[in-house]
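All of these numbers come straight from a predicted model, not from anything done at the bench.
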Amino acid sequence: MFVILRFLDSLESGHVTRVTTAATPVKKSITQQKRPYIKNSKSKGLADLLDTVWEGDECDGEDEPAVLVDDEQDTSTSALLRQILDTFILGLSKVTSKEGADKMAIDFCTNLNRRHYRKKLVQALYNVPRTRADLLPLYSRIVAVLNPVMPDVGGDLCEALRRQFRWLVRRQDPLRLESKIRNVRFMAELTKFGIFSKAECLLCLKILLNNFKHHAVEMVCCLLESGGRFLYWSPDSHSRMKILLEELLRRKSLRLFDARMDSMIENAYFSCSTPETAASRTGQNMTIKIRTPMQMFIRKIFLDDLNRTDPSDVTCLTSLIRRLPWDDPEVFEYGLKYLSSAWRINYASISALANVLAGLANYQDDLAVRVVDNVLDDIRVQLELNNSKFNQRRLAMVRYLGEMYNYRIVDSSVIFNTLFSLILFGWIADVPTMLDPPSHLLRIRLVCALLNTCGEYFSHGTARRRLDSFLALFRRYFWMKRENVVWSDHCPFPMTIVHLVEDTMGKLRRDFSLLKNLEEAEAALKKINDKMLEKVNMDSFNAALKKEEESADTGDNTSESSSLSGSLLDLSLLDNEQAVTDDIRSKPEINSDDLDFMATLEKLTSESYQTQAQAKVPQFKTAIPSIVKEQLQNPVHPRESNDSTVRVGLMTKKGQKQHLIKFMDLPEDTEYVSHWKATEETEKRERSEMMRLTLNMSHRQEREEFEDLVSTSTRSLPAPRQEAMRFGGPPKSNKPPPNRNGDGPVKGTAVHRL
């Protein structure tokens, strides 16, 4: 008895039926076997893939399909090449990193590129151990690297995996779970590298969903976890993958699974489409940015037209950008945004963007300055963040800065400051920090990108000497990275970085070698420093330094000390050989930025001085001793009556000593006496006014208190009763009633006047 699986439905249904027939003694040929009829099939890939089940006998046998290579066919190779091949195949299982996988692919392409050896490689990749799931991404990377030059390796491996998948689905062996998981994961990894077709991967997923039980559930989960997110977010497979994910949830709701299966299915589903990302794809939660027609036109110029334009011919595009209304602040800021974002365009079009900026700089000075500031700020911020997510952005901005120098937008000092910051920022006394860890090699790529862009123009004068000094320092930085303990035989230093540095230095200086180790690089750097110091007269330098220290102690000659400190800075950087002469007569060149800074500083200094001059000095006031008052009122030598002077006593005190009083006579017409008299009169008027206000307030308070007292003590007399008035009471009298004690008003009813 044997079982034949027939696929009777089309791509939309995909149901699988099992037909059991009796075995016949005579086996039919392959051409006489009945193939399944695909009803109304709209997918040629499905028909071709289903036909592979019926082609040949490898899917009908009891043994698992395998990749077999006849060693007898290889008769022309030597024993040495066979030994190299065996060593290479044994080393495949020891690959643990992407760099190792790339190295293995390069070695095979260089030394073992034979048809028979390629079949051996396919056999080795196909027979990966079931428990080594960590090798599947690396093996897929090896196949992807070899695919451009050896397409038969990827094709044979994909064909073998398809045969194995069909055999595993038809057998439904409960003891081959690891082989099934390995098969679907290998297909998913190859799909992500573009070796295995997306349509065939989706078809395998649909076949597993149609038979959604037992091991098929785990195979679906492994396939989605490995390559489901890639298939979901790819534009050409998103719609189909979305339908299959909905089918997965539907089949999950129709069947009753245990808690482990439910958790696996949910994890697989959300690994492809999280709730947040799924909500962002819907029209209700999608944020639509509304742009004005002018903004859309600017985007078209920089993102579409600039990428399609030849970098050497942007005259028409530059004239079009010049016609924009740059006086409008919104247009200015929006154009500045795209002129400062070199990572938004193609890497090959960065030169065209710098050309456009150079054309605008002649008409929009502020725009060019703002763009340069934004580019330098972005480079510095990325140095401080050190986030690998922005590596491509950092390369684009550094290339953009180099193109700015080529088009004379910035000078060489900006380039050299950036170069030195790339290799010095984040290091403390030759010790790396987290801003530049030893295993981080992007800064070497940034330096090489900047030098390859504009380094060829530093070929004469001061720029050539500064470049030589930087290359010596960069060579030392390179060897400090390369000889770090993080690199070993197990994880070697990438040779691509070594070749990149060698090519860059060979392009700039043909006689500049990379040397052999860190000691030689440090010796070469020290030799350059000594050579630069020989051209400086140290005696005059020491004399000037001593003079500067003396001026600092006395507080004089501030300008000379500041100029000397600037000369010291130039010496420390070794920027110019003629910065310090015998008499230190040379002065640094002053550009427009320095003049603006000096004018602003002088303005601030003058304003501060005027503010301090106008501020009032607080007067020291203390009680005058009685002895001083007596001496002032009764002088020892009384002055004459016609003497128009004023006697003044000057009282001073130092530390804890007693007051020292000195008397003097000053004329009345002096400024001090007139000012003192005016102050005395003003204070006298203020005291009299304060006294008047205080007395008025006191009188008002006393009057209010007395009125309140009178109102509480005074009582009105009771009114006559109505009954007495009705029946003829006693007549009214203006005379008060008699008192019991005698004549006079009743107590408590009299009103006393002040």
Side-chain angles (χ1 to χ4, degrees), residues 7 9-14 38 40-52 136-137 139-148 151-162 165-166 169 183-210 212 219-251 268-288 303-304 307-308 344-347 392:
F7 297 88
D9 295 335
S10 62
L11 179 62
E12 288 75 11
S13 61
I38 304 175
N40 296 330
S41 176
K42 298 181 181 180
S43 175
K44 185 177 182 299
L46 175 61
D48 296 339
L49 193 59
L50 291 177
D51 288 342
T52 58
L136 298 179
Y139 283 8
S140 302
R141 186 180 181 90
I142 293 175
V143 177
V145 173
L146 296 176
N147 190 64
D152 54 337
V153 175
D156 295 344
L157 182 59
C158 293
E159 181 64 26
L161 291 175
R162 280 195 294 266
F165 175 78
R166 291 302 180 187
V169 170
N183 179 266
V184 295
R185 282 186 175 176
F186 211 164
M187 288 193 299
E189 295 295 338
L190 290 173
T191 303
K192 289 191 289 186
F193 282 99
I195 307 301
F196 201 85
S197 176
K198 296 179 184 177
E200 294 179 356
C201 187
L202 291 173
L203 181 59
C204 294
L205 178 60
K206 180 176 177 57
I207 292 172
L208 293 175
L209 287 176
N210 291 335
F212 198 61
M219 293 174 69
V220 169
C221 295
C222 293
L223 180 59
L224 292 179
E225 290 176 357
S226 300
R229 188 173 182 83
F230 172 76
L231 295 172
Y232 183 80
W233 290 107
S234 297
D236 53 347
S237 61
H238 172 72
S239 58
R240 187 63 181 168
M241 189 64 183
K242 189 175 181 181
I243 295 174
L244 293 178
L245 289 177
E246 294 176 356
E247 181 70 14
L248 174 65
L249 296 181
R250 188 182 69 83
R251 291 186 177 274
Y269 175 79
F270 288 117
S271 65
C272 302
S273 175
T274 59
E276 292 79 7
T277 56
S280 63
R281 300 283 296 199
T282 60
Q284 297 178 356
N285 300 322
M286 186 179 297
T287 302
I288 300 176
L303 300 184
D304 296 337
N307 290 331
R308 293 195 297 264
R344 296 177 183 270
I345 64 176
N346 296 337
Y347 189 78
Q392 297 296 330

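Interatomic distance, Arg185 CZ to Ser226 OG, rounded to the nearest 0.5 Å: 5.0 Å. Of the inter-residue distances, the one linking Lys242 atom NZ with Ser239 atom OG reads 9.5 Å to the nearest 0.5 angstrom. Distance check, rounded to the nearest 0.5 Å: CG of Leu208 to CG of Leu203 gives 9.5 Å. Once rounded to the nearest 0.5 Å, the distance linking SG of Cys201 with CG of Leu231 reads 5.0 Å. Annotation: the span from Leu303 atom CG to Asn346 atom CG amounts to 9.5 Å, rounded to 0.5 Å. Atom CE of Met187 is separated from atom OG of Ser197 by 12.0 Å, given to the nearest 0.5 angstrom.
For the pair Val153 and Asn147, the minimum side-chain heavy-atom distance is 4.5 Å or more. Within the 4.5 Å cutoff, no side-chain heavy atoms of Phe196 are placed close to those of Glu189. Side-chain contact between Leu248 and Leu205: absent, with no pair of heavy atoms (C-beta onward) separated by less than 4.5 Å. In this structure the side chain of Leu245 reaches within 4.5 angstrom of the side chain of Tyr269, judged on heavy atoms.
Salt-bridge annotation for Arg251 and Glu247: present, with a side-chain N of the basic residue lying under 4.0 Å from a carboxylate O of the acidic one.
Exactly one of Thr191, Ile195, Leu190 qualifies for a side-chain contact (heavy atoms from CB on, under 4.5 Å) with Phe193. That residue is Ile195.
Pairing each heavy atom of Ser271 with each of Glu225, the nearest pair is OG-CA, 4.0 Å. Contact record, Leu209 with Leu244: CD1-O, 3.7 Å, taken as the closest heavy-atom pair. Shortest non-hydrogen contact noted between Asp236 and Lys198 is OD1-NZ, 3.1 Å. Across all their heavy atoms, Trp233 and Cys272 have their closest contact at NE1-O, 3.6 Å.
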**Request:** In sequence, state the C-alpha distance, the side-chain angles, and the governing distance for Met219 and Phe165, and then conclude on side-chain contact (heavy atoms from CB on, under 4.5 Å).
**Result:** CA-CA 11 Å; Met219 293 174 69; Phe165 175 78; 4.0 Å; yes
**Message:** The test is side-chain contact (heavy atoms from CB on, under 4.5 Å); show your working for Tyr139 and Phe186 and say whether it passes.
**Reply:** CA-CA 9 Å; Tyr139 283 8; Phe186 211 164; 4.0 Å; yes
